[in-house]
2 protein chains.
Amino acid sequence: MSAPQRSTYRHGDLRQALVGAGLEMARESGPDAVVLREATRRAGVSPNAAYRHFADRTALVGAVSDAALGAVAEAIEEEWERIDRRGDAAAVAHAELEAVGIGYLRFARDEPGLFRAAFTVPRDLESALSPDKAGPRGRTPFELLGIALDDLVAAGELPAERRPGAELLAWSAVHGLAMLALEGPLHDLDPELARQTGRRVIGMVDRGL
Amino acid sequence: MSAPQRSTYRHGDLRQALVGAGLEMARESGPDAVVLREATRRAGVSPNAAYRHFADRTALVGAVSDAALGAVAEAIEEEWERIDRRGDAAAVAHAELEAVGIGYLRFARDEPGLFRAAFTVPRDLESALSPDKAGPRGRTPFELLGIALDDLVAAGELPAERRPGAELLAWSAVHGLAMLALEGPLHDLDPELARQTGRRVIGMVDRGL
DNA sequence: GTGGGATTGTTGACAGCGTACACATGATCG
DNA sequence: CGATCATGTGTACGCTGTCAACAATCCCAC
């Protein structure tokens with residue numbers, strides 16, 4: 001599981017191994033639990049070896065965060081694929097928006113540690129949107145959200161003048177609920193109530209955009 | 001400023017001094033920057049003295065978080081006092097809701113470290129709502145939000161059946177924006193754009209509740 | 001008042017952390 | 001084949017949170 005005895009002096013792909021170990025730790029207790037020495041231990045390597053691949057601990061956590069973002073994208077795409085596209089354009093567009101929100105919240109609930117690793121680590125927008133953090137279908141969460149909003153406009157369900165920046169509004173609402181429920185005051189909100197609140201938040205976004 | 005030489009063996013009010021030092025550190029760089037040993041240093045006391053007042057570092061951070069919550073309450077109340085109450089009930093109710101949101105976001109912008117200390121530390125709801133974390137006028141942020149929503153219902157601006165749990169919806173939206181802008185991907189959003197987005201989020205809540 | 005807990009602060013120690021510096025190993029390419 | 005450069009190792013330092021044992025002081029019962 002952890003300390004793979006290796007015969008070669010070189011490791012092979014230490015960088016990847018460190019990120020993997022970091023992901024394990026983050027999954028259990030969030031990004032703060034990513035400890036550099038422990039990662040090297042799990043990779044079966046001396047502590048300082050990490051510095052050949054990361055400038056410092058922050059850089060490692062950043063890489064872990066990137067990987068976590070990819071996992072979020074995957075969760076959202078999964079929900080996206082499930083949409084029934086036989087209805088009219090308006091219904092489909094609303095379903096798309098809902099899918100993004102549901103996927104986002106589902107991931108936050110199922111993988112709180114990774115979720116916090118993905119979004120709680122300071123990074124700039126362009127980095128968050130860069131395509132190498134996309135899901136398996138190659139689309140980032142932000143892109144999917146954008147498509148949903150575009151489709152709402154196209155279907156006449158959202159006035160075009162409200163379209164610019166609407167991502168931020170939708171994102172804020174859903175993200176806020178996730179954070180409050182994860183590490184904030186809603187920490188031990190009843191799970192069923194949390195699910196229900198999630199739906200209501202998405203409804204509020206849909207109505208209020 | 002920092003190490004107050006004291007003559008007496010006893011400190012006087014060490015607990016308060018530690019919380020104060022913790023607040024300073026949190027203000028600069030958030031709750032993670034609150035380090036127990038440094039707090040004792042600033043209080044002019046040996047490291048272990050802290051353990052007479054806090055079970056461990058977590059407890060200290062918790063106390064700091066409580067104090068930070070009080071500061072949030074104060075910021076919101078400030079905005080609340082500024083409301084022009086001469087209009088009709090509906091307008092006042094909307095203004096109240098807006099005041100809570102604006103105060104919340106203003107505090108997040110002006111005191112990001114304290115904001116994160118207040119809301120990023122795991123705590124349960126009842127603790128977050130307990131009145132000892134209220135502002136100078138004795139009302140917690142959550143209470144003020146509740147009053148605003150009640151007034152919306154009274155003014156016929158919010159269907160009564162949507163009232164229960166509406167706090168969570170409003171709170172989520174505003175909190176999400178704050179978190180994304182503080183330590184998330186919106187980290188370096190243009191300040192003016194951020195302000196504007198804040199207003200739009202509040203508008204979305206007002207429409208979408 | 002005086003003696004004896006109960007409080008509160010101090011000393012010393014330990015393991016674990018991130019990281020700097022010097023060194024060892026080995027793959028790669030002239 | 002030998003030099004170079006990327007990669008991993010060893011040792012060390014200062015910092016952290018926390019434990020255990022000890023010391024000073026306050027305060028209350030006599």
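In what follows, every chain begins at residue 1, and chains take the letters A, B, ... in the order their sequences are listed. What you see is a predicted model, and the numbers here were worked out from it, not measured in a lab.
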Minimum-distance nucleotide (side-chain atoms of B:Val35 versus D:dG17, C:dG9, D:dT9): D:dG17
Test item: B:Ile83 and B:Glu98 side chains (from C-beta on) under 4.5 Å apart, heavy atoms: no
Parallel, tilted or perpendicular, as decided by the 30° and 60° cut-offs, for the rings of A:Phe119 and A:Trp171: perpendicular
A:Leu189 side chain near B:Leu168 side chain, heavy-atom distance below 4.5 Å: yes
Length of the line joining A:Glu38:CD and C:dT19:P, which is rounded to integer Å: 16 Å
Value in whole Å for how far the P atom of C:dT10 lies from OH of B:Tyr51: 15 Å
Short side-chain N/O contact from A:Arg41 to OP1 or OP2 of C:dC17, under 4.0 Å: yes
From D:dT18, D:dG8, C:dG9, nucleotide with atom closest to B:Ser46 side chain: C:dG9
B:Leu180 and A:Ser172, any side-chain heavy atoms less than 4.5 Å apart: yes
Separation of atom CZ in B:Arg52 from atom P in D:dA24, rounded to whole Å: 15 Å
Contact nearer the 5' end of DNA chain D, comparing B:Pro47 with B:Thr8: B:Pro47
For atom CZ of A:Arg42 and atom P of C:dC17, their distance in whole Å: 11 Å
Per B:Arg57 side chain, nearest of listed nucleotides D:dT18, D:dG8, D:dT16: D:dT18
Side chain A:Arg37 and base C:dT19 donor-acceptor under 3.5 Å: yes
Interatomic distance, A:Asp32 CG vs C:dG18 P [rounded to whole Å]: 12 Å
d(CG, B:Asp13; P, C:dT8) in whole Å: 11 Å
Donor-acceptor pair (no angle test) under 3.5 Å: A:Asn48 side chain, D:dT11 base: yes
Distance in angstrom units between B:Arg15 CZ and C:dT7 C1', rounded: 15 Å
Among C:dG18, D:dA21, D:dT9, the nucleotide that comes nearest once only the side chain of A:Leu36 is considered: C:dG18
A:Tyr104 and A:Phe115 aromatic ring geometry - parallel, tilted or perpendicular at 30°/60° bounds: perpendicular
Side-chain N,O (B:His53) to OP1/OP2 (C:dT7) below 4.0 Å: no
Selected nucleotide, minimal atom distance to A:Val45 side chain, candidates C:dC17, C:dG9, D:dG8: D:dG8
Given D:dT16, D:dT18, D:dT7, the nucleotide with the shortest approach to the side chain of B:Asp56: D:dT18
